[in-house]
Protein chains: 2
Amino acid sequence: MTAQHRLDLHADVVDLTEQLVNIESVSRDEQAIADAVETALRDVGHLEVTRHGHTVVARTQLDRSERVVIAGHLDTVPVNDNLPARREGGLLHGLGTCDMKGGVAVGLSLAATLPEPERDVTYIFYEAEEIDAEFNGLFLLSRSAPELMEADFAILMEPSNAVVEAGCQGTLRVAVRTTGERAHSARSWMGVNAIHAAAGILDRLAGYEARRPVIDGLEYHEGLNAVSISGGVAGNVIPDECTVEVNHRFAPDRSVEEAEAFLREFFEGYDVRVTDAAPGALPGLSVPAAAAFLEAVGGQANPKFGWTDVSRFSGLGVPAVNFGPGDPLLAHKQDEHVPVEHITRCDRQLRRWLGGAR
Amino acid sequence: MTAQHRLDLHADVVDLTEQLVNIESVSRDEQAIADAVETALRDVGHLEVTRHGHTVVARTQLDRSERVVIAGHLDTVPVNDNLPARREGGLLHGLGTCDMKGGVAVGLSLAATLPEPERDVTYIFYEAEEIDAEFNGLFLLSRSAPELMEADFAILMEPSNAVVEAGCQGTLRVAVRTTGERAHSARSWMGVNAIHAAAGILDRLAGYEARRPVIDGLEYHEGLNAVSISGGVAGNVIPDECTVEVNHRFAPDRSVEEAEAFLREFFEGYDVRVTDAAPGALPGLSVPAAAAFLEAVGGQANPKFGWTDVSRFSGLGVPAVNFGPGDPLLAHKQDEHVPVEHITRCDRQLRRWLGGAR
């Protein structure tokens, strides 16, 4: 193991964010940052540290009545001329400042400086969140060592403007297909145009009205959109097939099966094939650990629209929320940045909730 | 020049068709067949023969008051387990039997056996009709030696069920585009879906009613069809662009410019860009040489819907028709074949029209 980068977990949490940002860690290239994180955590006496690929898990073992997870991913989307980090006024600029090294810095700072929190904590710093699910460190951990993810409650420190975002919407992708009959376009009346037939699919999509159910006091907002369309054989051939790929985002009061049934009814008369599905996650704000956390951070919660890894915890029966510094709308943008105040506020609020500061 | 294949131009015209079919000549691989044709024609005393790439031109020089062109392409679409030629009942099966070595055989037979036709004849056997226009032997000839294409009338021996097909429809291809605004599909209401916007384009296409103008007694039949559609950025992104490629086939009473104006009005409100255009050709059946020919072959003519090389002659001011053995609907099919009777009938009718048999 090489550890060219050294992290000072006892530094100011904003300085620590900057240190993390300056270790380049595009997905599938997380060795350096995972090494640095592992090395720094192994120096912390009160933690039990294990490594799984480029995912690092550190746990307190205090036999508390509750255990909570604090998790963040180490990887970023590709570099876009936005490194190294740059501080300007109250903002820290650079790749990963928002998504999500501010949150990782808070987690690492808590891990190093809270030897006796009131709740046992499992810190998870994981790889490959920004790419295909098969590489996702949390997914891999849920397969190889799911016991490490067991907890009463989990906090994913994804950017959420330092406000709790609860639950997440599910996602379903279907291919909706029309068929026709090929013919030479010079004698088009001999064929049946499958692209023209797709007008009906697009008309239904254009007329879709989103459901906005309220769950645990949070208003969700569904979506139904064509994300791709393709069809065509050659410039002089009436096409015999057209496929519209549709992405449905559904509120967590529906299961994948219910969402699929809705789509099949919506597209009745067309060939519908499911290509991808992931369930949503109910906000779960009524469980005691979640309610206590929500109160500790000011009582405000927003619904989470995007699918996030909180759903992986829900799948294991662990209520989970997003809570982290940064505006999610800035994630993956070239000019990504995070307000310094978000980082310090998240740090302060989590510290108060966990208690046991030295 | 190698000439492994020898053609007997004095053979029965159906035998000659079979000989031609058995010289494989997929587009861009016409050397062998062009060599065989050139060699055989150079043995015919009454013809002036020139070669241009793999296109062979042979002319009588009798100072007749009229000159006509008889033309056919030597190439075929790719082999599809349909060689060599096979005769069964009244049909000759095999690649190129229909499109269009039956017609080429008729032309070659006439060239060899009519030393003193009543009209001067320019026979053109050309390469690369089945592929991109830039390789087309007639196109190349119209650039390098257009004087060889000058005539009062031209007959392209493309399959037309041994009935005159007059004129041809033009073709215009346009890209019709919608734009929108990208957003993450989890927050789709932040964006504008360009694929949904294409519903309007497809609705108009689905509602199109074809114009069927009658010209010189022939009823044409226009067409307007999407031939491809594409759009989409990623499975979780609201797409900001969608392009429908549309092919318009228009009757020869409209110029390319008029057809384009029609399309721009039809798709008003959308971004329309012309990607490809070729004019139609008026039937021209009223010019004396054409009228005489039509009468000689029985007086019946049908409109030609597809775009063919007759348009190249029209562009040079030469009225032209299609007239050849074989059903055009069988062209490019694996089980392509030609009725033997079509070949002999075309041969007999042209022979009678040209006169001067030995």
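All chains are named by letter (A, B, ...) in the order of the sequence lines, taking the proteins before the strands, and each is independently numbered beginning at 1.
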**Prompt:** With a 4.5 angstrom heavy-atom cut-off, which part of A198(A) approaches chain B: side chain, backbone, both or neither?
**Reply:** both

**Request:** Locate the shortest heavy-atom distance separating V227(A) from I195(B); write the atom from each residue and the value.
**Result:** C-CD1, 3.9 Å

**Shortest non-hydrogen contact from A226(A) toward P239(B)** = O-CD, 3.3 Å

**Prompt:** Relative to chain B, which of L329(A), V233(A), I229(A) shows the most heavy atom pairs under 4.5 Å?
**Reply:** I229(A)

Are there donor-acceptor pairs under 3.5 Å across chain B and chain A? List atom names and distances.
| residue | atom | partner | partner atom | Å |
| --- | --- | --- | --- | --- |
| R173(B) | NE | G235(A) | O | 3.1 |
| R173(B) | NH2 | G235(A) | O | 3.0 |
| S185(B) | OG | N247(A) | OD1 | 2.6 |
| S185(B) | OG | R249(A) | NE | 3.3 |
| S185(B) | OG | R249(A) | NH2 | 3.1 |
| S188(B) | OG | N225(A) | ND2 | 3.2 |
| N193(B) | ND2 | N225(A) | OD1 | 2.8 |
| N193(B) | ND2 | A226(A) | O | 2.9 |
| H196(B) | NE2 | A226(A) | N | 2.9 |
| N225(B) | OD1 | N193(A) | ND2 | 2.8 |
| N225(B) | ND2 | S188(A) | OG | 3.2 |
| A226(B) | N | H196(A) | NE2 | 3.0 |
| A226(B) | O | N193(A) | ND2 | 2.9 |
| I229(B) | N | G231(A) | O | 3.0 |
| I229(B) | O | G231(A) | N | 3.3 |
| G231(B) | N | I229(A) | O | 3.3 |
| G231(B) | O | I229(A) | N | 3.0 |
| G235(B) | O | R173(A) | NE | 3.1 |
| G235(B) | O | R173(A) | NH2 | 3.0 |
| N247(B) | OD1 | S185(A) | OG | 2.6 |
| R249(B) | NE | S185(A) | OG | 3.3 |
| R249(B) | NH2 | S185(A) | OG | 3.1 |

**Request:** Could you tell me which of G200(A), A199(A), C242(A), G232(A) has the largest number of non-hydrogen atom pairs under 4.5 Å with chain B?
**Result:** A199(A)

**Request:** Report the option among G231(A), C168(A), A197(A), G223(A) that has the most heavy-atom pairs separated by less than 4.5 Å from atoms of chain B.
**Result:** G231(A)

**Request:** With sequence neighbours left out, write down each residue that passes side-chain contact (heavy atoms from CB on, under 4.5 Å) with A71(B), or none if nothing qualifies.
**Result:** V69(B), I124(B), Y126(B), L156(B)

